[in-house]
Amino acid sequence: MSALIQALKTAGAAAVTALFNTEWKSEDILINQTKPEFEGDYTLVTFAIIKVARLKPEEAGQKLGEYLVAHNSDLVTGFNVIKGFLNLHINEKWWQQFILNNYNNTTYGIKAPNHTKVMVEYSSPNTNKPLHFGHMRNIYLGYAVSEILKANGYDVIKANLVNDRGVHICKSMIAWQMFGNGATPASTGMKGDHLVGDYYVKFNNAYKQEVETLVAGGMTKEEAEKEAPIMKATQEMLRKWEAGDPEVRELWSTMNGWVYEGFFKTYARLGVDFDKMYYESNTYLLGKTLVEEGLRKGVLFQKEDGSVWIDLTADGLDEKLLLRGDGTSVYITQDLGTAVLKYNDFKLNQSVYVIGDEQNYHMKVLKLILQKMGEPCADGIYHLSYGMVELPTGRMKSREGTVVDADDMLDEMVALAKEESEKAGKANSFEAEEQNALFDIIGMGALKFYLLRVDPKKKMIFNPEESIDLHGFTATSVQYTHARIRSVLNNVLGGAAFNTEGLTLSLPLEKLEKELLLHLEQYPMILESAGAELNPAHLCNYAYDLAKLFNTFYGAHKVAAAENEEKKNLRIMLCQMTAMTLKNSMKMLGISVPERM
RNA sequence: GGUCCGGUAGCUCAGCUGGAUAGAGCAACAGCCUUCUAAGCUGUAGGCCAUUGGUUCGAAUCCAAUCCGGAUCACCA
């Protein structure tokens, strides 16, 4: 909550209670920022109050306004009433205090630790192909949410559960054995994840061909898909892997090693990291003991063939299988086990899973089962569900070669940043080293912002033909505004520290100055709601709005050549606070802002 | 078919715990660089907030129904 809004609610509630002989709570006071076409800063909406007061809206507003000015003059100095809207003027002394308290507060909006442990699991890739554009939404979301939760005082553990075993992994391995001729990242100069990904593609091609041949020989498609030699070999390899065959395990760890090397290069470029890695090869057998326990407790039941189920029909869902008749586990079984493992590893209060919305049902079932089994980890589980990133032609499909590769995308963004810099006449302004670092900051920022500015739960469409814009509602615009402010401050202060001792500020405030202040004061509230809703898009909107407001202010008022010294001081502090808030809010998104650009 | 999610300007999206005349960006058009960074600013144009009904002093926002689009409902992961 914004401190100012909170103060107004408290004062408003006290006023209603005193004036109209009724108990009124501060949370029942509705405060909105006053619309620009009316006079005032914040508006108290009185419609709910007039029912109790038994007055006309204008009279109730008038009485409330008078009361507030009389009893809370430190906060409210004036008002006007239009129908049920009581428009309040905030005491400029309040703003003066706000500025002096916060102009140099680098942790503005950041909360003290609340000792709540929350794990954020994100990325969680398969090790048979490189990361693509769709993964990037997941990765940026997970990282941003982690940062936002940290700023809200949570103790965050960033986790990555790697899907490093299974048929799909064996497919790449088989293809490499068959067609690889011993190729390695070193011998080919390829990034390991891309090399392995290529063999995954080679598998699919070879498989398709074998199936076609078999079908031509008179087999049905279904039979052919089972009988294709390369598929049989893959299944045999999976059996050997599970039996711990040293040769298969050796190849497996070698190829996975290549992939990890590639992944971590990409993660580094994306600017993300993890506190804890989980590997499915270590966790895929978990959950069986849990199932046994569930059977004992009577939460689960066994069918004649020995398979174990849970009945969720009472919750509007189906019966769900947890263990096959032969005693092997299914996907959800290991997820149950892993949920408990995570909980025990860190004594978690909450566990956030950043996973696409195609798994909504799965996650719902997972949580429900754990709840029914009485597992303490159950209630803290939260599925941060996000929509697919689609191309204008539909979903990305690796089989059709329509995936946008993550590494390619990053290269393209840096190239775009360079191109746009040249277009704007900014290239070659700095040393080459700074210039290149800048292209990186701009390119990466634009991409992150683009993927984070949309509400996670909405699916989004990315058109590679129209490259990501660096104008308008973008990180670039925010970055530029930050650099612009730094430049202004440099000009005014010349690198010297700003001394606020004995300073008085110029009052009254200009309209645009006040709008900036109103917005700055709301930052903690935005950070809080982004955390509560696990939605980084709020911060994208906030940062861009703030930048835009500043640019409007910048166009209308001078800092260096302000009307007088007091005005100049005020504006210097406004600049400082705006730059700081832009920087902080972008940091929450994993985006850095340059000192100049 | 059941469940869940979405439908707001030509396009991409805000706004959704009910409040004043629904906002940005892109694209289009017209302006603004001898004065702090023009990757910016100002203005014009663009809307039956999918449809219909309901609740309310008041609905893009809540409820119901309908229509479109998507996801999901495996002894796959």
Side-chain angles (χ1 to χ4, degrees), chain A residues 27 30 32 34-35 37-38 43 45-48 50-51 57 82-85 87 126 163 165-168 280 284 303 305 307-309 315-318 320-326 328-335 356-362 364-365 385 387-388 390 392 394-395 417 420-421 423-426 429 442 446 450 453-455 457-463 466 469-481 483-492 537-538 540-542 544-545 547-548 550-562 568 571 575 596-597:
Chain A
E27 58 260 37
L30 177 60
N32 291 331
T34 304
K35 304 241 167 204
E37 53 271 32
F38 300 97
T43 297
V45 183
T46 60
F47 287 107
I50 59 177
K51 279 187 189 161
I82 297 166
K83 291 187 282 184
F85 301 97
N87 300 320
N126 294 340
N163 186 336
R165 48 140 253 124
V167 195
H168 51 299
E280 276 194 17
Y284 81 108
K303 289 194 176 173
D305 64 354
S307 58
V308 180
W309 299 73
D315 300 276
L317 307 174
D318 296 322
K320 190 88 189 167
L321 177 92
L322 295 185
L323 227 48
R324 295 187 184 104
D326 62 6
T328 56
S329 43
V330 289
Y331 183 49
I332 198 150
T333 320
Q334 51 175 298
D335 267 5
D357 61 7
E358 73 273 12
Q359 295 206 36
N360 284 356
Y361 180 77
H362 173 82
K364 196 171 163 185
V365 169
S385 165
M388 210 51 74
E390 292 181 6
R395 286 172 81 158
E420 288 291 318
S421 287
K423 225 186 273 179
K426 304 273 183 180
S429 312
I442 295 169
Y450 181 87
R453 69 185 193 185
V454 180
D455 187 329
K457 69 169 173 281
K458 289 196 178 184
K459 69 174 185 194
M460 56 185 303
I461 295 166
F462 169 65
N463 187 351
E466 304 164 15
D469 209 327
L470 301 188
H471 303 269
F473 183 26
T474 61
T476 315
S477 183
V478 178
Q479 289 167 327
Y480 176 74
T481 306
R484 171 184 255 179
I485 297 172
R486 285 264 89 94
S487 164
V488 169
L489 286 172
N490 239 2
N491 283 328
V492 182
H538 289 320
C540 293
N541 285 309
Y542 175 83
Y544 178 69
D545 285 347
K548 193 164 170 53
F550 180 85
N551 285 326
T552 303
F553 161 80
Y554 174 87
H557 300 293
K558 303 264 182 264
V559 178
K568 186 167 147 186
R571 289 182 185 159
C575 283
R596 49 182 197 157
M597 69 186 271

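Proteins get letters first, then strands, A, B, ... in listed order; numbering begins at 1 in each. All values below were derived from every heavy atom in this structure, side-chain atoms included, with hydrogens, water molecules and symmetry-related copies excluded.
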Discussion item. Quick one, A:K457 with A:D357, criterion side-chain contact (heavy atoms from CB on, under 4.5 Å). Give me CA distance, side-chain angles, the key distance, then yes/no.
Written reply: CA-CA 8 Å; A:K457 69 169 173 281; A:D357 61 7; over 6 Å; no

Discussion item. Donor-acceptor pair, distance only, cut-off 3.5 Å: does the side chain of A:T333 make one with the backbone of A:V330?
Written reply: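 Yes.
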
Interatomic distance, [X] [atom1] vs [N] [atom2] [rounded to whole Å]:
X	N	atom1	atom2	result
A:K364	B:U3	NZ	C1'	6 Å
A:F47	B:A20	CZ	P	9 Å
A:I82	B:C57	CD1	P	23 Å
A:N126	B:A77	CG	P	12 Å
A:Q479	B:U37	CD	P	18 Å
A:L489	B:C36	CG	P	15 Å
A:F550	B:A39	CZ	C1'	15 Å
A:L30	B:C16	CG	P	12 Å

Taking the [atom1] atom in each of [N] and [M], what is the distance between them to the nearest angstrom?
N	M	atom1	result
B:A74	B:A14	P	32 Å
B:A60	B:C16	C1'	8 Å
B:U61	B:G18	P	12 Å

Worksheet item: So, A:Y554 and B:G40: ring centres less than 5.5 Å apart, planes less than 30° off, yes or no?
Response: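 Here A:Y554 fails the 5.5 Å or the 30° condition.
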
Worksheet item: A:Y480 on top of B:G40's base, within under 5.5 Å and under 30°?
Response: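 One would not call A:Y480 stacked on the B:G40 base.
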
Practice prompt. Taking the six-membered ring for Trp and the single ring otherwise, decide whether the centroids of A:F38 and A:F85 are under 6.0 Å apart.
Written response: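 When the ring centroids of A:F38 and A:F85 are compared, they turn out to be at least 6.0 Å apart.
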
Fill in: Letter per nucleotide, 5' to 3', of nucleotides 71-76 of chain B [B base touched, S only sugar-phosphate touched, - untouched; heavy atoms, 4.0 Å]
SSS-BS

Worksheet, complete the sentence: Under a 4.0 Å heavy-atom criterion, the protein footprint on nucleotides 21-35 of chain B, written with B, S and -, is ---SSS--------B

Verify the contact: side-chain N or O of [X] to OP1 or OP2 of [N], cut-off strictly under 4.0 Å; return yes or no.
X	N	result
A:K426	B:A39	yes
A:N551	B:A38	no
A:R486	B:C36	no

Practice prompt. Show the numbers, then the answer: is there a side-chain contact (heavy atoms from CB on, under 4.5 Å) between A:N541 and A:R453?
Written response: CA-CA 7 Å; A:N541 285 309; A:R453 69 185 193 185; 5.9 Å; no

Practice prompt. State whether A:D305 and A:K303 are salt-bridged, where the test is any N-O pair (Lys NZ or Arg NE/NH1/NH2 against Asp/Glu carboxylate O) under 4.0 Å.
Written response: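 Here A:D305 does not pair with A:K303 in a salt bridge, since their nearest N and O are not under 4.0 Å apart.
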
Practice prompt. Any chance you could lay out the side-chain contact (heavy atoms from CB on, under 4.5 Å) test for A:L321 and A:V308, step after step, and finish with the verdict?
Written response: CA-CA 6 Å; A:L321 177 92; A:V308 180; over 6 Å; no

Discussion item. Nearest heavy atom decides the nucleotide; on that basis, is A:H168 or A:I485 closer to the 5' end of RNA chain B?
Written reply: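 Result of the comparison: A:I485.
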
Fill in: Nearest-nucleotide comparison on RNA chain B, the residue closer to the 5′ end among A:R596 and A:L317
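Counting from the 5' end, the first nearest nucleotide belongs to A:L317.
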
Worksheet item: Do the rings of A:F462 and A:Y450 sit parallel, tilted or perpendicular, given the 30° and 60° boundaries?
Response: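 Rings of A:F462 and A:Y450: perpendicular, over 60°.
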
Worksheet entry | Donor-acceptor pair (no angle test) under 3.5 Å: A:S421 side chain, B:A39 base |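 Looking at the base of B:A39, it does pair with a donor or acceptor on the side chain of A:S421 (distance under 3.5 Å).
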
Practice prompt. Counting Watson-Crick and G-U wobble pairs whose two distances are both under 3.5 Å, find the runs of 3 or more in a row that involve RNA chain B.
Written response: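 Listed by first number, the stems are B:1-7 with B:67-73, B:10-13 with B:23-26, B:28-32 with B:40-44, B:50-54 with B:62-66.
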
Does the side chain of [X] pick up a donor-acceptor pair with the side chain of [Y] at under 3.5 Å?
X	Y	result
A:N87	A:T43	yes
A:R484	A:N551	yes
A:S385	A:N360	yes

Discussion item. Just verifying a value: how many Å separate A:K548 NZ and A:F473 CZ, rounded to the nearest 0.5 Å?
Written reply: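 Answer for the NZ-CZ pair, A:K548 versus A:F473, is 12.0 Å.
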
